[in-house]
Asks: 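Before we start, here is the structure in question, set down as structure tokens.
By convention in this document, chain letters (A, B, ...) are assigned in the order of the sequence lines, proteins followed by strands, and residues within each chain are numbered from 1.
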Amino acid sequence: MHKYDHKEIEKKWKRKWSDEKVYAVDKDTKGKKGNYYILDMFPYPSGDGLHMGHTESYTASDILYRYKRMQGYNVLHPQGFDSFGLPAENYAIKTGTPPAESTEINMSNFFKQWKMLGLGHDFSNLIATSDPDYYKWTQSLFGKFFQNDFVYRKTDTVNWCDSCNTVIANEQVEDGRCERCKSEIIQKEIPAWFFRITDFADDLISGLDTVDWPEHTKKKQVNWIGKSDGAEIDFDVLDSDKKITVFTTRPDTLFGATYMVLAPEHELVQQLKDQVSNSDEVDGYISNTQKKSELDRLESKEKTGVLLEGISAINPASQAQIPVFIADYVLAGYGTGAIMAVPAHDERDFEFAQKFDLPIKPVVAQITGQKDEPDFFSTGVYGIIQNENEEYLIQDFTNRGFYWWPGGTKEGQELDEETLRREITEETGYTNFEVGDMVTEMFIDYPPLKGEGFARGRKHLKFYKIQINSEEKVPLELTEQEIDFGITLHWKSESEIRSNIPDHPSRKPVVLSVIDQFEKTIAQPELGIVVNSGEFDGLSSQDAKSVITEAVGGRMKSTYRLRDWSISRQRYWGCPIPIVYDPEGQAHFVGEENLPWLLPTDVDFVPTGESPLSKSKELHERTEKLFGTGWKPEVDTMDTFVDSSWYFLRYPDTNNGSEFCSTDRLKNWLPSGVDLYIGGAEHTYMHLLYARYFTKAMNKMGLINFDEPFKILRHQGMVNDKDGKKMSKSKGNVVNPNDMVERFGADSVRTYMMFAAPLEDDVIWNEDNIVGTYRFIEKVFGLQDKLTEKQNDDIEKTLHKLIKAVGEQIEELKYNTAVSDMMKFVNLVNKEGGMTKDQLLRFVKLLSPYAPHVSDEIAESLGERTSLVASDWPEYDESMLADDVITIGVQINGKRRGDIQVSPDATEDDVMNTARANKNINKWVSGGEIKKVIYVPAKILNIVVA
RNA sequence: GCCAGAGUGGCGGAAUUGGUAGACGCGCACGACUCAAAAUCGUGUUUCGAAAGAAGUGGGGGUUCGAUUCCCCCCUCUGGUACCA
């Protein structure tokens, strides 16, 4: 009798794998099926050790690694450490332990934990970004970026805490105060190095089309980059030679710009100071703004601002003189730092305008509706006219329940124009309107629901009402004092509308032009028609963008939400920026021959307000010795995201002392990027974007010949506690992988993690449930005592199906259902009393990627000489997959009333006869007349009985 | 607010080019074994109902012979995120 003892078995096999170097990769060969590169996001080696989330994602990649290798691929499956970073430095500040030391200890702890999980990574490839042999190449690449002008220096605005003497991250600022010491945060300008990532903004968007990533991850990246197409337009300042240049995505609304706003930091504010009569108030506002962090400015609910009294700008389209404000909702860093405000069509401008009582002028009327329902639509065509005050006025009459057209009807009653004029005047008090002066709006409606008739359509029109070019359906208030009149048409199709337009000299052209506009803009129903805009009235909003921009001498332009990447950090524990400054202050790369440009050790970690490296005597001496007296070193270190932006390029050639990776190795492992990358979705924005940027930049410099780093990307979910809550130290609900492996064994922990939920979903770690997988593994182990001489054909057939299913599910990373299928198989075998040696061996091969220790143990007892990872993945025979009998569900009127067994090649008649022969089924049929029979082969038979 | 994802038994989850809802596992109940318990094995386990049957995949409506799956409206949860002009 075999007794399952996970501790003994796992200990034995871990040693064996290590002694026999089972997971060593020969990086210079190709597998018989080719090479495959699987990569995990490498961890930051924190003092807390490996957490359950790591356990899940590394197991997931390990399974694919083992599967691919058994299939005949040569697989690179490396690991490493993102070992520079703030926690080690904070720990140093607290305890005095040098970061290099604490990091070393943490890494060896991680290393032990990896081994404990039975991961098949080739740990001889280990890299650590804080290792000089690694960061030498980070610096070398920085040098190449520098020499190719991919990197530049400018000032950066940061949150500064005077009391902590250090830069504070946005998220560490609470109400304008430092999270730690509660003192007030100030904005400080400091010099910094930037990567020109915005130069690649378009490539970073278009490149997403070429990779197999989750769609939502792609969408998020596109939104982060945030490309907007628009125009730059100059506004002259009255009585001045100055111009205010704005960027706008909506130049079509230029006529609606009723005021302007400058960022408080905008240089024009200072330049125009002499003309401003309320400069005290202005200065006060500016200094208030400087106290706010960007986060505060972005979060402030109530709009604030100050009018620049004495300053007016001229709207280049309408020639109107409009006021100029400063307000902190406009940021200096975005666009041009100045906006034209169009309160009728922008929510923020609208709020501001309401608060400061500024005019709101609608200039776009919108077309809304559903474009895929051509069979029936109704149109509401809205008229616009001028009232006594020469204001433009809009009205929708449809929601009042009658439709006006000469010869049209109201509640079945013929109406003439005179009657309608009288009704409108009674209703609104206005008299001087002209029918069809201008058409502004049009609706395509949804088809009415059954039985609802037109009522729903009307409801709908009311719902969308007039306005205003945002999804908000609010600004009905705008039209309250405005006169209105409207025309509504209801026909079945557009061609019918065209042929039914009454022959009215002034109106017919208007309606026709609306229909033309409608055709043009139906593809983009969010756009509308320009109104209130002089000669441009009637243009589609889309066309108007370029036409109006050109007419006022503006320039079409795109801007991005994405900003250049600031990589300077005033920290110790990071990669030194390999730059020195000559006595004139010019920056120079230290040169390849001086790499690695070592991180000095003679520093104090306690923040002094300067970068820790500035206190290093050794670094300054080194610089002067190499470059001459008066030369100074750069004392900032790099953002750790730089280290992790290229690490996947190092793994194929970790020991190369003369290149970051040899051309041959690049060719062998990275012909077109990493084959599969697995990691958490929290890295969607920063890490993944920076790594893509690095790849594209390096490609452009000719260093590599592919331009997307990760061909396939998959995420794993979070591992939460049994109540579905996030694990955290403060909640005290952190589950330690070591404990779990100790109690249940790595095989059970691995298998349970994969079984509990789909990989990309969050997993609930429930100790009560893991016993199920433990029992499963025990049962598998017990199969050694149930070997039979004679082969059971049912088992053999099921095994072939299982081989196919498990293989396919691994390829799709559907590990949870693969485990479930294996459980079913074992249940079957136990029921049947056992299986042959050969069958058991094939089965444990399927299991081995999940539970490698116990699988190897069983395989050994069956006579295998080597670890299963070095064996071949079993094959299935297509002819074994077919069933002799299939079960078909039978429905009567769509309700399941039973099932029948038929042969796979049964005809519809055979199936029908079998069904009728079934008493339980037939009793439902015999009562009525068979109206219809639907037979979906091998799936279902539905009999419709009346 | 916006963007993305999700909502199925007591619990984790399975099943979507529309075709037998609840696989597999946990838990629970009963039985076997045992002096007893644990472990193990067997049977059962969506709800209501004695049964026949009916209801049922967050709620409401629609399309269909047939909807967890497709469409419309609404609710809840999770993640991300912003005065981006």
Asks: Side chain of A/V944: nearest nucleotide among B/rC65, B/rA21, B/rA14?
Replies: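 Closest of the options to the side chain of A/V944: B/rC65.
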Asks: Rounded to the nearest Å, what distance is computed from the CD1 atom of residue A/I934 to the C1' atom of nucleotide B/rA67?
Replies: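 Rounded to the whole Å, the gap is 14 Å.
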Asks: Where the side chain of A/A757 is concerned, which of B/rU20, B/rG13, B/rC26 is the nearest nucleotide?
Replies: B/rG13
Asks: With a non-hydrogen cut-off below 4.0 angstrom, is A/K931 in contact with a base, only sugar-phosphate, or nothing?
Replies: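 Contact class for A/K931: none.
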Asks: Look up atom CG in A/L783 and atom NZ in A/K779, then write down how far apart they are to the nearest 0.5 Å.
Replies: 10.0 Å
Asks: Nearest to the side chain of A/F755, heavy atoms from C-beta on, is which of B/rA85, B/rG19, B/rC24?
Replies: B/rC24
Asks: In whole angstrom, give me the gap between the P atoms of B/rU45 and B/rC24.
Replies: 12 Å
Asks: Which whole-number value in Å describes the distance from A/R896 CZ to B/rG56 P?
Replies: 17 Å
Asks: Side chains of A/F200 and A/I225: does their closest heavy-atom pair fall under 4.5 Å?
Replies: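 The answer is no; the side chains never approach within 4.5 Å.
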Asks: Expressed as a whole number of Å, how far does the P atom of B/rU76 sit from that of B/rG59?
Replies: 15 Å
Asks: For the ring pair A/Y259 and A/F356, is the centre-to-centre distance below 6.0 Å?
Replies: no
Asks: Glycosidic conformation of B/rG9, syn or anti, with 90° from 0 as the boundary?
Replies: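 Syn conformation here, the glycosidic angle of B/rG9 being no more than 90° from 0.
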Asks: For the pair made of CD in A/Q221 and C1' in B/rU81, what is the distance, rounded to whole Å?
Replies: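 One finds 15 Å between C1' of B/rU81 and CD of A/Q221, rounded.
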Asks: Taking for each residue the nucleotide of RNA chain B bearing the nearest heavy atom, is the 5' side occupied by A/V819 or by A/I888?
Replies: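 Nearest-nucleotide comparison on RNA chain B picks A/I888.
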Asks: Quick check for you: to the nearest 0.5 Å, what is the distance between A/F825 atom CZ and A/L846 atom CG?
Replies: 8.0 Å
Asks: The side chain of A/D899 lies closest to which of these nucleotides: B/rC24, B/rU20, B/rG13?
Replies: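 It is B/rU20.
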Asks: Using atom P of each nucleotide, how far apart are B/rU46 and B/rC2 to the nearest Å?
Replies: 41 Å
Asks: Both atom distances under 3.5 Å, Watson-Crick or G-U wobble: I'd like the secondary structure of RNA chain B as a dot-bracket string, with | for pairs made across strands.
Replies: (((((((..(((......[....)))((((((.......))))))(((....)))..(((((..]....))))))))))))....
Asks: N/O contacts under 3.5 Å, protein versus nucleotides 40-51 of chain B?
Replies:
from: B/rU40; atom 1: OP1; to: A/R775; atom 2: NE; distance (Å): 3.3

Asks: Is A/D761 touching bases, backbone alone, or none of the nucleic acid, heavy atoms closer than 4.0 Å?
Replies: nothing
Asks: Would A/H715 and A/T217 count as having a side-chain donor-acceptor pair, cut-off 3.5 Å?
Replies: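 Their side chains do contain a donor-acceptor pair, which is all the 3.5 Å distance test asks for.
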Asks: Supply the atom-to-atom distance A/L204 CG to A/L562 CG, rounded to the nearest 0.5 angstrom.
Replies: 7.0 Å
Asks: Using a strict threshold of under 4.0 Å (side-chain N to carboxylate O), is an ion pair present between A/E215 and A/K218?
Replies: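 Counted as a salt bridge, because a side-chain N and a carboxylate O are separated by less than 4.0 Å.
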Asks: Sticking with atom C1', work out how far B/rC73 lies from B/rA85, rounded to a whole angstrom.
Replies: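 About 33 Å, rounded to a whole number of Å.
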Asks: Can we call the ring centroids of A/F755 and A/Y850 under 6.0 Å apart?
Replies: no
Asks: Angle between ring planes, A/H687 versus A/F641, binned at 30° and 60°: parallel, tilted or perpendicular?
Replies: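 Rings of A/H687 and A/F641: parallel, as their planes differ by under 30°.
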Asks: Can you tell me how far C1' of B/rG12 sits from OH of A/Y752, to the nearest Å?
Replies: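 So the two atoms are 6 Å apart, to the nearest Å.
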Asks: Which of residues 225-232 of chain A sit near RNA chain B, with a heavy atom under 4.0 Å from it?
Replies: A/S228
Asks: Report the nucleotide, chosen from B/rG5, B/rA85, B/rC24, that has the shortest atom-to-atom distance to any side-chain atom of A/H216.
Replies: B/rG5
Asks: How many angstroms lie between atom OG1 of A/T248 and atom NZ of A/K557, to the nearest 0.5 angstrom?
Replies: 13.0 Å
Asks: Measure the distance from CG on A/D762 to P on B/rG79 and round it to the nearest whole Å.
Replies: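 These atoms are roughly 8 Å apart.
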Asks: In whole angstrom, what separates A/D5's CG from B/rA39's P?
Replies: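 That distance rounds to 19 Å.
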Asks: Under a 3.5 Å threshold, yes or no: a donor from one side chain and an acceptor from the other, between A/Q809 and A/T817?
Replies: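 The answer is yes; a qualifying pair exists.
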Asks: Do any side-chain nitrogens or oxygens of A/K220 fall under 4.0 Å of OP1 or OP2 in B/rA4?
Replies: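 Looking at the OP1 and OP2 atoms of B/rA4, neither is under 4.0 Å from any side-chain N or O of A/K220.
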Asks: Closest to the A/F247 side chain: B/rA85, B/rC24, B/rU20?
Replies: B/rA85
Asks: Please tell me which of the listed nucleotides, B/rG5, B/rA21, B/rG19, lies nearest to the side chain of A/V936?
Replies: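 So the side chain of A/V936 is nearest to B/rG19.
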Asks: Measuring only the C1' atom in each nucleotide, how far is B/rG9 from B/rA15? A whole number of Å is fine.
Replies: 15 Å
Asks: B/rG25, OP1 or OP2 - any side-chain N/O from A/N766 closer than 4.0 Å?
Replies: no
Asks: Nearest to the side chain of A/R561 - B/rA82, B/rA85, B/rA21?
Replies: B/rA82
Asks: Does a side-chain N or O of A/N223 approach OP1 or OP2 of B/rG80 to a distance below 4.0 Å, or not?
Replies: no
Asks: Are side-chain heavy atoms of A/P758 and A/K814 found at a separation under 4.5 Å?
Replies: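 Answer no - side chains too far apart.
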Asks: Using whole Å, report how far CZ of A/R563 lies from C1' of B/rU81.
Replies: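 After rounding, the gap between these two atoms is 13 Å.
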Asks: Between B/rA50 and B/rG58, how far is it from one C1' atom to the other, in whole Å?
Replies: 33 Å
Asks: Of the nucleotides B/rC26, B/rG13, B/rC24, which one has an atom closest to the side chain of A/N816?
Replies: B/rG13
Asks: To check you understand the geometry: which heavy-atom pair defines the closest contact between A/F194 and A/S566, and what is its length?
Replies: CE2-CB, 3.5 Å
Asks: Starting from the 5' end of RNA chain B, give me the residue, A/T217 or A/I940, whose nearest nucleotide shows up first.
Replies: A/T217
Asks: Taking atom C1' of B/rA14 as reference, at what distance in whole Å does atom CE of A/M822 sit?
Replies: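 Distance, rounded to whole Å: 16 Å.
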Asks: Using a 4.0 Å heavy-atom cut-off, does A/N942 contact any base of the nucleic acid, only the sugar-phosphate backbone, or nothing at all?
Replies: base
Asks: It should be established whether A/R897 places a side-chain nitrogen or oxygen under 4.0 Å from OP1 or OP2 of nucleotide B/rA52.
Replies: no
Asks: Picking from B/rG25, B/rG27, B/rA85, which would you name as closest to the side chain of A/N827?
Replies: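 The answer is B/rG25.
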Asks: Would you measure the distance from the P atom in B/rG25 across to the matching atom in B/rG80 and give it in whole Å?
Replies: 35 Å
Asks: Taking atom C1' in both B/rU63 and B/rA51, what distance in whole Å separates the two?
Replies: 36 Å
Asks: Could you tell me whether A/D234 and A/R555 have a side-chain N and a carboxylate O separated by less than 4.0 Å?
Replies: yes
Asks: State, yes or no, whether a side-chain contact exists between A/L802 and A/M822 at a heavy-atom distance under 4.5 Å.
Replies: yes
